[in-house]
Asker: 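A single structure is presented below for examination.
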Amino acid sequence: MNISLKGEVILVTGASRGIGAEIAKTLGSSGATLLGTATSDEGAVRITETLKTMNIAGQGYRLDVSEADECANTLADIEESYGPITVLINNAGITRDNLLMRMKEDEWDDIMNTNLKSVYRLSKLVCRNMMKARSGRIINLTSVVGFLGNAGQSNYAAAKAGIVGFSKSLARELGGRNINVNCVAPGFIDTEMTQSLAEEQKKTLINQVPLGRLGEVSDIANTVLFLSSDLSKYITGSTIHVNGGMLME
Ligand code: NAP
C-alpha cells in the first residue's frame, strides 16, 4: 500500500544521521515537505543536498534542541518559509552513560535537556498552530530502555520514560483538537549510537532479542510513517514497540 503524506509539513529533529535521517527520507519520499535538523551548518547543508537529490521538498536547518531560543527562532524561520508544521517528529537524542555512583550532574542535566526538555519545548511551539488547524501529529522517539531500564543509563532511561508520560498527558490535552501524540520505542537499532558499544556488550544485547539481530533504521522509519499517516488516526497516547521481541507489550 502506498501511504501519501502530500500536503504535510514535517519537522524531524536529528535528521543528519541514524534513525532521524531514515525517517526524513521515508516521510519525504511519501510526498511530505520535509524539514530536518542537524547540530552543525555542514550537517544542515548535507540534509538539504540529500533531500534535493531525492526530489523531496524542504531543507535542512541547524538546531541545538537543548537551546530554547534556537528552538523558537528555527520554528519561526520554518513557518515563515513553509507554513505551520503539521507533523513533529522529536527524534534528536544523545547518551551520556555512567553508573549512578559516578554520574556527574552535567551528565544527568545534558540528557534531561537534550532528550526530554526539547520534547516539551518543540511540542509547545508547534501545538498552537495545530490546535488552530484542529489537526496534527506529534511523534516522540523513546526507547526500550525507558521500559526495561539499563545499568549505566539511569539518566537516559529516566528521560525516555519521561517522554512516555509527557506524551500520554499531551494526548489527553490535545485529543479534542484532533491532534494525535504517540511514541515509538526502538529496541537496539544499528546506528552510531549502538556502534559505539563494545562487541561483548553487543553480543549480550543480541542474546536478549528473540529475532536474534539488531533492528534496521527502516524498521523505525516505517513505524513513524504509519503514525504520521491517516492509517493510524484512532491511535493516540500509545507507544509502538519495535524491538525484535526484546520487550513484548
Ligand atoms: P544517532 O545516530 O546518534 O543520531 C543522533 C541525531 O540527533 C543526530 O542527527 C544528531 O545531530 C542529533 N542531535 C544530537 N544532539 C542534538 C542536539 N542537542 N540538538 C539537536 N539534534 C541533536 O542516534 P540514533 O541512534 O539515530 O537515535 C535517534 C533517536 O532514537 C534518539 O532519540 C535515540 O535515543 C532513540 N533510540 C535509538 C536507539 C538505537 O538503538 N539507535 C534505540 C532506542 C532509541 P548531529 O549529527 O548534528 O550530531
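Numbering of ligands and ligand atoms starts at 1, following listing order. All heavy atoms count here, side chains included; hydrogens, waters and symmetry mates do not.
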Asker: For Val144 and ligand 1, does the shortest N/O to N/O distance drop below 3.5 Å?
Answerer: no

Asker: Under 4.0 Å from ligand 1, counting heavy atoms only, is it the side chain of Leu63, its backbone, both or neither?
Answerer: backbone

Asker: Who's the nearest protein heavy-atom neighbour of atom 38 (C) of ligand 1, and how far?
Answerer: Gly187 O, 3.9 Å

Asker: Between Ser229 and Phe226 (side chain of the first, backbone of the second, donor and acceptor by atom type, cut-off under 3.5 Å), is there such a pair?
Answerer: yes

Asker: Just to confirm my output: which protein heavy-atom neighbour is closest to atom 18 (N) of ligand 1, and how far is it?
Answerer: Asp64 OD1, 2.9 Å

Asker: Which residues, ordered by chain and number, are linked to Ile94 in its hydrophobic cluster, where ILVMFWY side chains connect at heavy-atom gaps below 4.5 Å, directly or through other members?
Answerer: Ile111

Asker: Identify the heavy atoms of Glu79 and Pro84 that sit nearest to each other, and give their distance.
Answerer: OE2-CA, 3.8 Å

Asker: For residues Glu8 and Thr86, is any side-chain donor paired with an opposing acceptor at under 3.5 Å?
Answerer: yes

Asker: Can you tell which of Thr39, Asn91, Asn140 gets a heavy atom nearest to atom 29 (C) of ligand 1?
Answerer: Asn91

Asker: Considering only the protein, which heavy-atom contact is closest to atom 33 (C) of ligand 1, and what is its distance?
Answerer: Tyr156 OH, 3.4 Å

Asker: Between Asn182 and Gly237, is there a donor-acceptor pair closer than 3.5 Å when you use the side chain of the first and the backbone of the second?
Answerer: yes

Asker: I'd like to know if the side chain of Arg46 reaches the main chain of Ser16, judged simply by a donor and an acceptor atom lying under 3.5 Å from each other, with no hydrogens or angles considered.
Answerer: no

Asker: Measure the distances from the heavy atoms of Gly215 to every atom of ligand 1 and state whether one is below 4.0 angstrom.
Answerer: no

Asker: Who's the nearest protein heavy-atom neighbour of atom 25 (O) of ligand 1, and how far?
Answerer: Thr191 OG1, 2.6 Å

Asker: Just which atoms of ligand 1 are under 4.0 Å from any heavy atom in Val65?
Answerer: 17 (C), 18 (N), 19 (N), 20 (C)

Asker: In a check of side-chain contact (heavy atoms from CB on, under 4.5 Å) between Val87 and each of Leu34, Val12, Ile10, Val9, which one passes?
Answerer: Ile10

Asker: Quick one: does Lys160 get a heavy atom under 4.0 Å from ligand 1?
Answerer: yes

Asker: From the options Ser66, Gly14, Ala38, Gly93, select the one whose nearest heavy atom is closest to atom 5 (C) of ligand 1.
Answerer: Gly93

Asker: Where the side chain of Thr142 meets the backbone of Lys160, is there a donor-acceptor pair that is under 3.5 Å apart?
Answerer: yes

Asker: Evaluate Ser143 for polar contact with ligand 1, using N/O atom pairs at a separation under 3.5 Å.
Answerer: no

Asker: Among Leu141, Ile47, Thr142, Ile189, which residue places a heavy atom closest to atom 44 (C) of ligand 1?
Answerer: Thr142

Asker: Sub-3.5 Å donor-acceptor pair from the side chain of Asn91 to the main-chain atoms of Thr13, do we have one?
Answerer: yes

Asker: Check Lys202 against Thr194 and note the closest heavy-atom contact, atom names and distance.
Answerer: CE-O, 3.4 Å

Asker: May I ask you to decide if Val181's main-chain N or O and Thr236's side chain share a donor-acceptor pair within less than 3.5 Å?
Answerer: yes

Asker: List every atom of ligand 1 that sits less than 4.0 Å from any heavy atom of Phe188, numbering the atoms from 1 in the order shown and giving each element.
Answerer: 40 (O)

Asker: Return yes when Ile94 approaches ligand 1 closer than 4.0 angstrom through a heavy atom, no otherwise.
Answerer: yes

Asker: At what distance is the nearest protein heavy atom to atom 11 (O) of ligand 1, and which residue and atom is it?
Answerer: Ser16 OG, 3.2 Å

Asker: Considering only protein heavy atoms, which is closest to atom 23 (O) of ligand 1, and at what distance to one decimal place?
Answerer: Met193 CE, 3.8 Å

Asker: Specify the protein heavy atom at minimum distance from atom 3 (O) of ligand 1: its residue, its atom name, and the distance to 0.1 Å.
Answerer: Arg17 NH1, 3.3 Å

Asker: Establish, from distance only, whether the side-chain atoms of Thr114 and Arg96 form a donor-acceptor pair under 3.5 Å.
Answerer: no

Asker: Nearest protein heavy-atom contact for atom 30 (O) of ligand 1: which residue, which atom, what distance?
Answerer: Ile19 CD1, 3.6 Å

Asker: Within the 4.0 Å heavy-atom shell around Gly18, which atoms of ligand 1 are there?
Answerer: 2 (O), 26 (O)

Asker: Say whether Gly20, considering both its backbone and side-chain N or O atoms, lies within less than 3.5 Å of an N or O atom on ligand 1.
Answerer: no

Asker: Please determine if Thr194 has a nitrogen or oxygen closer than 3.5 Å to a nitrogen or oxygen of ligand 1.
Answerer: no

Asker: Following the transitive rule for hydrophobic clusters with a side-chain heavy-atom cut-off under 4.5 Å over Ile, Leu, Val, Met, Phe, Trp and Tyr, establish whether Ile240 and Leu27 coincide in one cluster.
Answerer: yes

